[in-house]
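Read the numbers this way: they start at 1 and go in the same order the structure lists the ligands and their atoms.
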Amino acid sequence: MSHQSLPGFREFFPADFAARSHLFEAWRRVAARYGFEEYDGPPLEPLELYTEKSGPEIVGQLYNFTDKGDRQVALRPEMTPTLARMVASRANGLRKPIRWFSIAQMFRYERQQRGRLREHYQLNCDLIGEPGPLGDAEVIALLIDLARELGLGSDDVRVRLSDRRVLAALLRGAGVTEAQLPLAYAAIDKRERMERPALEAMLRGVDGSGMSEPVAARVLEVASLHRLDAVEKALTGVPGGEAALLPLRQTLQALAAMGLDGWVDVDLTIVRGLAYYTGTVFELFDAGKSLRAIAGGGRYDDLLGRLGGVDLPAVGFAMGDVVIGDLLKERGLHPAPTPAVEVFIAGVTDDDLPHVLALAHECRDAGLRTEYALTAQAVGKQLKLADARQARVAVLIGPDDRARNEVQIKDLTAKAQRSVSRTDAVAALLAARS
Ligand code: HAM
């Protein structure tokens, strides 16, 4: 029997857990700044919640099984369908736009590789009930501010922004039929991970049943469009082109007004693998593009209607903890972990033990992170443990100190020692903290 953890599942030792907490705290701070409220849903869901809505990529990665009640269930691979169901079930009672976020663990049976595991935590931020481009700009600004909060700049990470409405207009203009659009999206999504001949073959379809050769070539041309002016030029004369471009242009204008346009690149390669996006789509990448996507999202105006029968537009994104964690580590942006113990209390003789326990408990009541040796041992050994714990101060209690109603406070960094009255000990330790 193997006692190893499963491939793609992490164990969080205290230092890893501290890094994770640092990330989650930053996520919560920034989401709060945008007026987002936290929610959660069930980690196990009916299988059909995903088979119908998420699209083939995620469905192929589901952790699903039949439970003891004969139900077809799946561990959640993403939050969006759960969120859509939750909001739809109370849609009338909720003030729009709804601004909700969650931090939850997801499960996908993926091939394990750098940046992709079989479990990960995601921050999901979604804005529901706002159809206009200010909603899109709002969640993209939130995403950028998450990067800023973690110490990253626009040289470190880039938002790659596209819009399926623009892409659809260009693809239709290139001769792609309505039925072929999903195939074109799938090929564009794989553009950076597949060689051109394989992409062309994908677009042509098995035995040439897909697009003609010139149409396939034009699809790949569309996908290589970067920058707004190039997209504008390509849209000239395309039916519906101007209307399709308006939301993207307005989103960029709003981001520019916030001073955040320098973080964003228009890039039509971005289509997103998930099936439910209807408009704006975006991903956050490290600027060198050496890592997988840090975050991804977009507008999904039909999902709440399809899942819960309510007509509510929505836009949002999710950021995983794995790639951003790798990037922060690479850049040395993980903060040094806070030592678990601030104050170590040491007794000189066995008779001092009750006094050590009493002071330790007072310190803990005062909010000081406090430890003492759990077995009788020489002072030197106790101080070694204090050092190993990186405690800032040690308090020494011996028979002579007790006779004078005093304790010794030893600063373990400056190596200075002073006597303090027992009554003032906790106050002195608190004062020494700042
Ligand atoms: P997604 O692009 O599938 O979108 O995932 C979002 C982020 O989760 C990715 O950019 C990545 O950081 C992280 N992620 C995904 N899969 C893995 C994995 N196997 N291992 C590690 N990290 C991973 C969604 O899930 C959408 N539901 C996002 C959304 C919210 N759209 C609208 N609202």
So if I count the atoms of ligand 1 from 1 in the order they appear, which ones are less than 4.0 Å from some heavy atom of Tyr276?
26 (C), 27 (N)

Looking only at N/O atoms, are His120 and ligand 1 under 3.5 Å apart anywhere?
yes

Which ligand 1 atoms does Glu78 reach within 4.0 Å, using its non-hydrogen atoms?
25 (O), 26 (C), 27 (N)

Looking at Glu110, which atoms of ligand 1 are within less than 4.0 Å of one of its heavy atoms?
16 (N), 17 (C), 18 (C), 19 (N)

Measuring from atom 31 (N) of ligand 1, which candidate in Tyr109, Tyr277, Tyr121 has the nearest non-hydrogen atom?
Tyr277

Can you tell me which residue and heavy atom of the protein come closest to atom 12 (O) of ligand 1, and the distance to 0.1 Å?
Ile294 O, 2.9 Å

Tell me whether Arg272 reaches ligand 1 (any heavy atom closer than 4.0 angstrom to a ligand atom).
yes

Are Cys125 and ligand 1 in contact, using a heavy-atom cut-off of under 4.0 Å?
no

Inter-residue atom distance Ile128.CD1 - Leu312.CG, 0.5 Å rounding:
7.5 Å

Under 4.0 Å from any heavy atom of Asn124, which atoms of ligand 1 are there?
30 (C)

Between Leu284 and ligand 1, find which residue part has any heavy-atom pair under 4.0 Å and reply side chain, backbone, both or neither.
neither

Run the contact test for Arg108 against ligand 1 with a 4.0 Å cut-off on heavy atoms, strictly below, and give the result.
yes

Report, in ascending order of atom number, the atoms of ligand 1 lying under 4.0 Å from any heavy atom of Thr80.
26 (C), 27 (N), 29 (C), 30 (C), 31 (N), 32 (C), 33 (N)

Is the shortest distance from a Lys or Arg side-chain nitrogen in Arg292 or Asp286 to a carboxylate oxygen in the other one below 4.0 Å?
no

So the atoms of ligand 1 within less than 4.0 Å of a heavy atom of Gly115 turn out to be 20 (N), 21 (C), 22 (N)

Per side-chain contact (heavy atoms from CB on, under 4.5 Å), Thr82 is matched among Pro42, Ser102, Pro43 by Pro42

For ligand 1, which atoms, with element, lie under 4.0 Å from some heavy atom of Ala293?
10 (O), 11 (C), 12 (O)

How far is atom 5 (O) of ligand 1 from the closest protein heavy atom, and which atom is that?
Gln122 NE2, 3.4 Å

